[in-house]
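Worksheet: one structure, shown below.
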Amino acid sequence: MRGFLASSTGVTCAAALALPLAPLAAAATSSAPPATSPTARPEAHAPGGTQSLRLTPLARDRAPGAAEQGLRRQDVRQFSLVGVVWDSPATELHGHVQVRTRATATGTWSGWQDLETHNADHAADPGTPESASGRVRGATAPLWVGESDGVEVRVRAVDAPGTARSAPAAAPLPTGLRLELVDPGEAAPPPTNRARSEAEPSVLPARPAHPAHPARAARQRAEPHVGSRPAITTRRGWGADEKLREKGFVYTKKVKTAFVHHSATGNNYRCSQAPSVIRSIYRYHVNSTGWRDLGYNFLVDKCGNIYEGRAGGVSKPVLGAHTLGFNANSMGIAVLGTYSSKKPSSAALKAIARLTAWKVGLYGMNPRGKTYLKSGGGNLYRKGRKVRLNVISGHRDGFATNCPGKQLYAKLNTARSKAAAYQGR
């Protein structure tokens, strides 16, 4: 999700030079980007994994940080999601990133598609162990392209915001640019131990906030407003490979605010593919970006299905990496898709409302109310400042970014009203 100071999804990029065909090159599979042989050919497809390909200069300037880098058209092993990463998360990529992919089923090449380049606004708060792990990289938002076996990419630098027109050239690109091609793999097999299987259901069924019992009726007026828990597909349900993430869980104190995001992965997915999209984002966040787990606490698809995100318990205040500076005492909900120009579905809005009515209600929060969070540092609020926010906020309320997209952000008042109604307010 790109900041306001940079180009965003849906904005037509400046015209680029056509890239000629090149000999086949292959990718390597790893969680940390390895060196890539330009002459190797793709290996047989093995579901699940990340191919990492080093980008090279495309113009005459062959120096590191050249203003135009990429990969010429080539065959690769099957993948479904693509993103670009670089060495330092503190370095911004001022430029345009475009990819073309070849569909496995038809052999047809897509047109050029844009990747949102400024994704630093989704990250662990500055100074936290996750942020300071030494594994974190700069990264674009990932893009879901469906099953593909060919790729072409170009990255072109533009002047950084505030650069004088008299500057001799565009700002250099970050060092260590790599193309990440993610295959979601298959869903994890069910546990062989029956007791464990029963303890880890694929879907948590919807559950009333107050069990029907005559003795409770008189006390409900005095109790906090808590919406019914909606049905939630668990990590087991969407096929999380728990070996990828760090062991253990990290918690904050409470959940005072729900930040709504869009995943910026595009809208070309079927709801039956949502688990695969989430598995791909999970791999990208952990293996490519270097986070300890999936950044969002929950995800919602366009059919209104709700999915557990970062591990630690759906009812607990799990510390995420979704809104730089405001991860403490909050949760992040990502709607799968890009909503800069496309309106979110009514089913997705209803899911946001049901989820927030339950989750923030557990902590005594009114979805139509406001609260205060202390900033951990960002481009809108200095570290330590207490900021007044809506209990249901958009990502852009805590960080200067386009996220959750103009169309989704415009519908948050609707989500607030619905969530309050689900709480009985």
Side-chain angles (χ1 to χ4, degrees), residues 9 13 16 18-31 33-34 36-38 40-56 58 69-85 96-117 119 139-155 177-187 238-239 263-285 287-289 301 336-338:
T9 296
C13 292
L19 303 178
L21 297 178
L24 299 180
T29 301
S30 71
S31 57
T36 302
S37 169
R41 291 182 179 273
E43 301 172 3
H45 172 60
T50 301
Q51 302 171 72
S52 188
L53 296 169
R54 187 185 301 277
L55 303 192
T56 58
L58 296 174
Q69 297 184 40
L71 290 174
R72 304 188 189 280
R73 189 182 300 184
Q74 60 185 261
D75 291 348
V76 292
R77 295 193 302 279
Q78 185 172 301
F79 67 97
S80 295
L81 180 137
V82 59
V84 170
V85 302
H96 304 298
V97 179
Q98 295 182 305
V99 297
R100 297 181 64 205
T101 57
R102 183 180 61 203
T104 303
T106 65
T108 303
W109 284 86
S110 71
W112 288 105
Q113 301 182 78
D114 298 330
L115 274 65
E116 291 198 14
T117 60
N119 198 40
T140 68
L143 180 69
W144 175 262
V145 294
E147 293 183 356
S148 306
D149 59 8
V151 69
E152 184 176 10
V153 62
R154 59 192 183 192
V155 181
L177 284 169
R178 292 180 178 276
L179 179 67
E180 301 286 288
L181 304 175
V182 182
D183 183 277
E186 300 172 353
W238 55 260
S263 65
T265 46
N267 303 305
N268 296 323
Y269 71 93
R270 301 184 303 275
C271 291
S272 60
Q273 294 176 308
S276 293
V277 176
I278 296 170
R279 290 198 302 275
S280 297
I281 297 173
Y282 175 41
R283 286 183 178 275
Y284 187 72
H285 282 183
N287 289 346
S288 301
T289 309
D301 67 26
L336 296 179
T338 304

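Count residues from 1 along the sequence. Quick caveat: nothing in here was measured; it's all calculated off a predicted structure.
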Where [X] and [Y] come nearest, the two heavy atoms and their spacing:
{"X": "Gln51", "Y": "Phe79", "value": "NE2-CB, 4.2 Å"}
{"X": "Gly239", "Y": "Arg279", "value": "O-CD, 3.2 Å"}
{"X": "Ala264", "Y": "Ala141", "value": "CB-CB, 4.1 Å"}
{"X": "Ala274", "Y": "Asp301", "value": "CB-OD2, 3.7 Å"}
{"X": "Asp114", "Y": "Gln98", "value": "OD1-NE2, 3.1 Å"}
{"X": "Ser288", "Y": "Thr50", "value": "OG-CG2, 3.8 Å"}

Note to self: Test side chain to side chain contact (heavy atoms under 4.5 Å, CB included) on Val76 and Leu53; report intermediate values, then the result.
What the structure shows: CA-CA 10 Å; Val76 292; Leu53 296 169; 4.1 Å; yes
Next item on the list: State whether a side-chain donor-acceptor pair under 3.5 Å links Ser80 with Glu147.
Entry: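 There is no such pair (donor and acceptor under 3.5 Å, judged by atom type) between the side chains of Ser80 and Glu147.
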Margin query: Does either side chain, that of Ser280 or that of Arg283, offer a donor lying less than 3.5 Å from an acceptor on the other one?
Written below: no
Note to self: Taking the side chain as everything from C-beta on, heavy atoms only, tell me whether Thr140 gets closer than 4.5 Å to Tyr284.
What the structure shows: yes
Next item on the list: Report yes if some heavy atom in the side chain of Pro142 is under 4.5 Å from a heavy atom in the side chain of Val182; otherwise report no.
Entry: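 Not in contact.
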Next item on the list: Would you check, one step at a time, whether the test side chain to side chain contact (heavy atoms under 4.5 Å, CB included) holds for Arg72 with Leu58?
Entry: CA-CA 8 Å; Arg72 304 188 189 280; Leu58 296 174; 4.0 Å; yes
Next item on the list: Using the side chain to side chain contact (heavy atoms under 4.5 Å, CB included) rule, take Leu336 and Trp144 through it: C-alpha gap first, then chi angles, then the decisive distance, then the call.
Entry: CA-CA 10 Å; Leu336 296 179; Trp144 175 262; over 6 Å; no
Checklist line | Ser110 (side chain) donor-acceptor with Thr101 (main chain) under 3.5 angstrom | finding: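 Indeed, once roles are kept as given, a pair shorter than 3.5 Å links the two residues.
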Next item on the list: Any salt bridge (charged side-chain N to carboxylate O under 4.0 Å, His left out) involving residues 96-110? Give me the pairs, sequence neighbours left out, ordered by first then second residue.
Entry: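 Pairs touching residues 96-110 that pass the test: Asp75-Arg102, Arg100-Glu152, Arg102-Asp149.
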Check: Could you state the interatomic distance from CG (Asn268) to CD (Gln113), rounded to the nearest 0.5 Å?
Finding: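 Asn268 atom CG to Gln113 atom CD measures 7.0 Å (nearest 0.5 Å).
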Notebook entry, point to check: How long is the gap from CG on Asn287 to CD on Glu180, to the nearest 0.5 Å?
Noted result: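 Reported value, rounded in 0.5 Å steps: 8.5 Å.
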Margin query: By the definition side chain to side chain contact (heavy atoms under 4.5 Å, CB included), identify the one residue from Leu143, Thr338, Val145, Ile281 that meets it with Thr265.
Written below: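 Answer after filtering Leu143, Thr338, Val145, Ile281: Ile281.
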